[in-house]
Amino acid sequence: QVQLVESGGGLVQPGGSLRLSCAASGSIFSRYVMGWYRQAPGKQRELVATITSVVRTTVYAGFVQGRFTISRDNAKNTVYLQMNSLQPEDTAVYYCNLKMLIGTTEYWGQGTQVTVSS
């Protein structure tokens with residue numbers, strides 16, 4: 001099994017920044033994709049960004065608009081999400097995700113709250 005632990009959420013003022021971290025542990029085999037999703041109250045969970053395990057191919061949601069950067073440290077099995085110019089509409093619970101590329105097995109973290117408010 002794979003376990004994901006998120007950290008770095010909190011309360012920030014509009015225009016502020018946060019850096020989220022997700023550490024993966026357990027039986028990770030083959031190539032995989034890690035990423036971030038978010039869910040606001042009353043809304044569906046949506047993709048924020050993903051990054052592949054080897055070549056670091058990235059995918060971003062349109063609402064990011066250059067404000068967020070996803071990266072990874074393979075030695076630590078950790079993925080990061082640097083969030084700049086945060087806006088109130090970014091307020092949500094952010095979830096880490098890992099998906100194996102052989103088969104469809106995926107794992108989720110427990111989520112970390114991000115609140116953007118003045």
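Position 1 is the first residue of the sequence, and the numbers go up from there. In this text, all values refer to a predicted model and were calculated from it rather than measured experimentally.
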**Report entry** Listed once per pair and sorted, the side-chain hydrogen bond (donor to acceptor under 3.5 Å, both in side chains) pairs that draw on residues 79-88, sequence neighbours left out
**Finding:** Ser17-Asn84, Gln82-Asn84
Query raised in the report: Between Tyr32 and Val5, is there a shared hydrophobic cluster once you connect ILVMFWY residues whose side-chain heavy atoms come closer than 4.5 Å?
Result: no
Query raised in the report: So, do Tyr94 and Gln113 sit near enough that their side-chain heavy atoms are less than 4.5 Å apart?
Result: no
Query raised in the report: Out of curiosity, Leu81 CG to Thr69 OG1, how far, rounded to the nearest 0.5 Å?
Result: 8.0 Å
Report summary line: When every non-hydrogen atom of Cys22 is compared with those of Leu4, the smallest separation belongs to SG-CB, 4.0 Å
**Report entry** Whether over 12 other heavy atoms sit under 6.0 Å from Gln1 CD
**Finding:** no
Query - CG on Leu98 to CD on Gln3, rounded to 0.5 Å - result: 12.5 Å
Report task. Could you tell me whether the side chain of Thr57 reaches within less than 4.5 Å of the side chain of Ile51, counting heavy atoms only? Result -> no
Query raised in the report: Which residues satisfy the salt bridge (Lys or Arg N to Asp or Glu O under 4.0 Å) test with Glu46, sequence neighbours excluded?
Result: Arg38
Query raised in the report: Does the side chain of Gln39 come within less than 4.5 Å of Tyr37's, by heavy atoms?
Result: no
Query raised in the report: With the 4.5 Å side-chain cut-off for hydrophobic clustering, are Tyr60 and Phe63 part of the same group?
Result: yes
Requested in this report: Provide the closest heavy-atom pair for Val48 versus Val64 in the form atom of the first, atom of the second, distance.
Outcome: O-CG2, 3.8 Å
**Report entry** For Tyr95, all residues meeting ring-ring contact (aromatic ring centres under 6.0 Å, His included), sequence neighbours excluded
**Finding:** none
**Report entry** Pairs flagged by salt bridge (Lys or Arg N to Asp or Glu O under 4.0 Å) wherever residues 49-65 is involved - sequence neighbours left out
**Finding:** none
Query raised in the report: Do Tyr107 and Lys99 have side-chain heavy atoms sitting under 4.5 Å apart?
Result: no
Report task. Answer yes if the ring centres of Trp36 and Phe68 are under 6.0 angstrom apart, and no otherwise. Result -> no
Query raised in the report: Val114 versus Leu20: any side-chain heavy-atom pair under 4.5 Å?
Result: yes
Query raised in the report: Given side chains that start at C-beta, do those of Glu106 and Val2 come closer than 4.5 Å, heavy atoms only?
Result: no
Query raised in the report: How long is the gap from CG on Asn74 to OG on Ser53, to the nearest 0.5 Å?
Result: 7.0 Å
Side-chain donor-acceptor pairs of residues 6-14 under 3.5 Å, sequence neighbours excluded:
unit_1: Glu6; atom_1: OE1; unit_2: Gln110; atom_2: N; d: 3.0
unit_1: Glu6; atom_1: OE1; unit_2: Gly111; atom_2: N; d: 2.9
unit_1: Glu6; atom_1: OE2; unit_2: Cys96; atom_2: N; d: 2.8
unit_1: Glu6; atom_1: OE2; unit_2: Gly111; atom_2: N; d: 3.1

Requested in this report: Rounded to the nearest 0.5 Å, what's the gap from NZ on Lys43 to OG1 on Thr91? Could you check?
Outcome: 11.0 Å
Query raised in the report: Which residue pairs pass the salt bridge (Lys or Arg N to Asp or Glu O under 4.0 Å) test with at least one member in residues 62-80, sequence neighbours excluded?
Result: Arg67-Asp90
Query raised in the report: Would you say the side chain of Val54 lies within less than 4.5 Å of the side chain of Arg31, judging by non-hydrogen atoms?
Result: yes
